[in-house]
Amino acid sequence: MSSLAETFAGSHRASGSHDGPLLEVDHVVVQFGGVTAVNEACFTADPGTVTGLIGPNGAGKTTCFNVISGLQKPTRGTVRFQGKDVSSTPVHRRSKRGMGRTFQRLEAFGSLSVRDNVKVAADIHRGVLKGFLPGGHGKNIDALLERVGIAAYADERADSIPTGTARLLELARCLAGDPKLLLLDEPSSGLDETETDAFGDLLRDLAAEGRAILMVEHDMDLVMAVCDVIHVLDFGSIIASGDPATIRRDPAVQKAYLGYSDEDDADAHTVTDLPAVSDDTMVIPAAREGVGS
Amino acid sequence: MSSFLAFTIFGLVSGAAYAIAASGLVLTYSTTRVFNIAHGALGMLLSFVFWDFSVRQGMPTLLALFLVLFVVAPAIGWFLQRFVARGLGDAPVSVSLVVTVAILVATLGLAQQVWPPEARSVQPFFAGTSYEMFGFFITAHQILTIVLSLVVAVGLYVLLNRTRIGTAMRASVDNPELLKLFGGQPERVAALSWAIGTSLAALAGVLLVSTVGLDYFALLLLVINAFAAAILGRLQNLPLTFVGAMSLGLVTSYASGYLPTDGLLNSVRNVVPALFLFAVIVLMPQAQLRIGQVKGIVSAPLPSPFKALSWSGALLLGVALVAGALSEANLLLVGTAATYAIVMLSLVLLTGYGGHVSLAQITFVGVGALAYIKIDSPNLGGLLLAGLVAAGVGALVALPVIRLTGLYLALATLAFAVIMDRMIFQADFAFGFNGSLSAERLSILGYQVDSTAGYVWVMAVFFVLMGLALLVVRAGPLGRMLVALRDSPAACGTLGLDQRWFRVGLFAASAGMAGIAGALYAGLRGTVGAAEFQFFGSFTLLLLAVVFGVTSVTGAALGGVGLMMLPVLQADYPGIAGLFFVVIAVGAILLARDPNGLANQLFRLGRLLDRRFGNRIRERIPVLPVPGGSLGGMREQARAEHDANAAADHSLTTVGLGAGGGAATTSGPDQGPAENKEPAGV
Ligand SMILES: Nc1ncnc2c1ncn2[C@@H]1O[C@H](COP(=O)(O)OP(=O)(O)OP(=O)(O)O)[C@@H](O)[C@H]1O
Ligand SMILES: [Mg+2]
């Protein structure tokens with residue numbers, strides 16, 4: 001199933017020449033006018049692990065991703081990748097160094113077919129000039145589509161496929177560049193239960209290949225099942241960090257999600273029922289009052 | 001010293017008027033995210049209205065002014081926002097630019113239609129009244145201008161910071177959705193800002209018209225000054241906008257006062273605002289990639305190689321047959337159409353595939369023509385060289401704005417076009433002031449193409465070759481990447497594409513194609529002058545490209561014929577010359593959101609007809625199956641019945657149809673996936 005996985009596997013641990021974490025977000029602050037979207041956020045992501053970034057709508061998760069991938073300049077703070085400060089590195093160079101991301105608000109190439117979406121990514125990865133030479137990445141592309149489970153859609157236009165599939169397409173597209181760090185923004189929204197299970201397995205596989213995965217997710221079952229570490233963001237600040245069991249029991253987390261904390265009732269069930277509001281067409285959090293007013 | 005003071009005062013006065021215009025632009029942009037290229041054109045139109053009220057109809061000046069500023073201008077602004085610019089803020093910048101260029105062209109057409117060219121003049125306010133200051137006379141009109149600019153500045157500050165609706169206006173910039181959540185009405189806010197913005201354009205126009213004169217283009221170009229000032233204020237900062245406007249006023253005034261009156265520097269004074277605009281754009285900070293753009297534009301399907309080749313052959317055969325029968329004058333028209341068609345191909349690459357807008361494409365045509373003329377006994381190498389020169393110039397224009405978004409690239413091209421038009425093309429080393437140069441015909445492999453008929457055919461060959469090349473590129477990795485970049489620049493960036501260089505390359509390639517068109521055109525005409533490459537031509541070119549379809553080779557062919565016909569029709573029906581502009585503009589506005597244009601409608605019609613009658617017709621003509629279905633066949637027959645001139649049009653039409661629409665009827669290897677979803681055998 002994973003001819004690509006074999007090609008990619010193992011290369012990552014070896015290449016980490018520095019000792020610290022692969023990605024370090026260090027006291028990052030992002031302000032939009034008067035709104036502080038991210039407030040002194042610090043967290044890391046390590047090779048071989050799945051790190052969850054969770055929090056209510058408007059907590060600043062996507063903004064964190066934008067800062068890490070270079071689409072948003074932080075007001076203050078630094079982002080380090082492989083030990084090097086990349087805060088002022090342009091987007092495309094960060095990608096060349098091994099960052100890949102997907103978008104909460106879909107950024108698939110709508111007028112290309114699913115296969116062509118991935119082909120473009122592979123071409124870009126090979127370098128713009130080399131990308132134009134006739135090359136044999138045809139098989140790899142189909143293998144990649146197979147691996148993320150969207151081979152059936154290969155010839156459809158990307159703007160005509162279901163949302164969940166388009167998210168998987170974005171994942172496939174970024175895997176074509178063989179990234180060391182994967183930033184996944186709500187990758188499972190739009191997937192049904194079986195698809196989500198398969199996706200969880202895929203995530204574990206990808207991590208096992210030595211990639212660092214940082215994932216924003218509202219589906220708590222998935223987060224609790226696949227994440228090694230979870231950071232909880234609320235109003236732009238990290239309010240809790242730890243393994244799933246710790247996070248599940250954390251009163252501050254329950255307060256952020258539910259508006260009250262009830263230590264006795266802090267079982268998995270409560271947290272699983274957290275609001276999983278995710279709207280593809282709206283980036284503005286409607287759920288929270290006071291933001292931006 | 002005293003003259004210095006005079007220039008300073010004059011500069012501040014014009015700066016004040018620019019500030020008024022620029023703040024209107026900033027207001028509309030910052031509340032609706034639509035950059036209104038037509039801002040100056042609206043000021044021009046309303047100056048004419050003011051003239052009409054106050055001079056022609058003899059209303060009291062104050063009444064005329066009141067009506068223009070508080071009734072006509074807001075009504076136009078409201079109308080435009082409501083029916084033309086609505087929802088444009090979220091559209092790709094190529095769409096909103098096309099729409100506002102269309103407003104500009106429509107405005108100009110309307111002005112020319114209602115007030116045909118004749119000598120008109122508008123008196124300054126309080127004519128004859130002036131006061132002495134530091135040994136200088138300052139007119140009451142000048143004082144009024146400065147006072148009004150201050151009133152506007154304070155008024156806008158109060159509006160935006162001290163009133164509910166103003167707060168809503170500012171909020172709608174950041175977050176129209178949020179505004180809705182809190183009970184605001186973004187549409188009403190947008191309409192209000194357009195109304196006020198248009199009013200401010202009118203005020204600036206009315207204040208300037210007594211010095212500039214009631215001239216369509218002079219007033220229209222004033223918008224460059226407003227652009228420059230507004231962009232210095234980053235399109236949102238009003239105080240900085242005022243600073244920009246005042247500095248520009250001063251620079252322009254000193255330039256006109258102190259630049260030498262001969263040589264190239266003399267003509268610099270004509271282009272100071274454009275140079276200022278260019279400089280301001282270059283100084284803009286790095287733009288961030290925009291996430292969440294509208295994407296997935298339905299593109300015209302790619303034809304199969306067989307279709308493309310057979311229709312190319314049909315075109316060449318058609319032109320060959322028809323060319324022999326045409327008069328010299330008509331041949332020149334066909335050649336002109338071929339030129340425009342090739343220029344349109346350059347827009348297919350840049351705008352149709354790449355999603356960028358150039359407002360200087362005709363200027364690149366001029367650059368190519370000029371380079372070609374300077375080459376002795378031009379052959380294919382010379383033609384290529386002319387194209388390369390244009391490409392190089394294109395790269396030079398795109399390079400300084402490499403860090404910025406499409407809007408600034410388009411504005412940079414506009415500044416460039418004006419600079420070339422008003423300064424370079426008229427210089428002695430170029431075409432000369434009102435001058436023209438003669439060009440030789442191209443020689444191919446040692447054989448000079450002397451006959452016009454032969455030359456026109458050669459041009460058709462170039463169109464076909466470049467069209468086919470474009471299709472090959474589109475079907476390959478480069479084309480995929482172009483479309484990907486158009487659909488989502490942010491995703492391309494995060495996948496590792498350095499789009500800045502990519503864009504420079506794209507822009508250069510497109511300029512190069514336009515340059516080759518210019519070189520061929522120079523050879524066709526024999527003599528060409530600067531007048532043929534005025535910046536305004538790029539506007540009508542863009543609009544017609546969109547109307548006929550900027551995503552397909554067919555659209556380019558049709559558009560070439562259309563653009564050639566425009567001046568012909570205007571000459572034939574001088575009474576409604578301006579209306580033609582209005583019609584084209586309305587067409588572009590209607591089609592801007594689906595830039596596949598009329599060509600795509602033809603493809604659909606072709607598919608429909610083929611479904612209905614295709615088989616029946618094919619049965620009747622078993623020997624010669626017409627590729628592309630019955631529409632093509634009918635056109636072939638119709639052609640024989642038309643007069644020679646019309647026939648030339650149709651032959652272009654048919655090949656275009658095949659080049660773009662053929663894929664709909666037979667399945668080709670590189671068909672779009674969307675096509676595959678249609679049931680087989682239709
Ligand atoms: N470009 C922007 N301009 C202004 N404010 C912004 C911008 N982007 C985000 N914000 C604000 O920053 C805050 C954080 O937004 P962000 O999208 O990062 O939240 P999120 O945690 O991803 O939420 P969700 O779960 O809804 O995706 C919100 O209040 C949002 O309104
Ligand atoms: Mg988000």
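All chains are named by letter (A, B, ...) in the order of the sequence lines, taking the proteins before the strands, and each is independently numbered beginning at 1. Note that these values count all heavy atoms, side chains included, but never hydrogens, waters or copies made by symmetry.
The distance from atom CG of A/Asp159 to atom CG of B/Asp487, rounded to the nearest 0.5 Å, is 8.0 Å. Note that CZ of A/Arg115 and CZ of B/Arg480 are 10.5 Å apart. Values are rounded to the nearest 0.5 Å. With rounding to the nearest 0.5 Å, the separation of CD1 in A/Ile124 from CG in B/Leu495 is 5.0 Å.
In this structure, the side chains of A/Phe103 and B/Ser488 stay at 4.5 Å or more apart for every pair of heavy atoms.
A/Ser95 approaches B/Gly496 most closely through the heavy-atom pair OG-N, 3.0 Å. Contact record, B/Val483 with A/Ser111: CG1-OG, 3.4 Å, taken as the closest heavy-atom pair.
With sequence neighbours excluded, no residue forms a side-chain hydrogen bond (donor to acceptor under 3.5 Å, both in side chains) with B/Asn237. Listed by chain and residue number, B/Glu187 satisfy the side-chain hydrogen bond (donor to acceptor under 3.5 Å, both in side chains) test with B/Arg86 (two or more places apart in sequence, or in another chain).
Between chain B and the residues A/Leu183, A/Asp116, A/Thr102, A/Asn117, the most heavy-atom pairs under 4.5 angstrom are made by A/Asp116.
Of the candidates A/Glu107, A/Arg101, A/Arg94, A/His92, B/Thr494 forms a side chain to side chain contact (heavy atoms under 4.5 Å, CB included) with just one, namely A/Arg101.
The 12-atom threshold is not exceeded at OH of A/Tyr153, counting heavy atoms of other residues, nucleotides or ligands nearer than 6.0 Å.
Interface residue A/Arg173: backbone and side-chain heavy atoms are both found under 4.5 Å from chain B.
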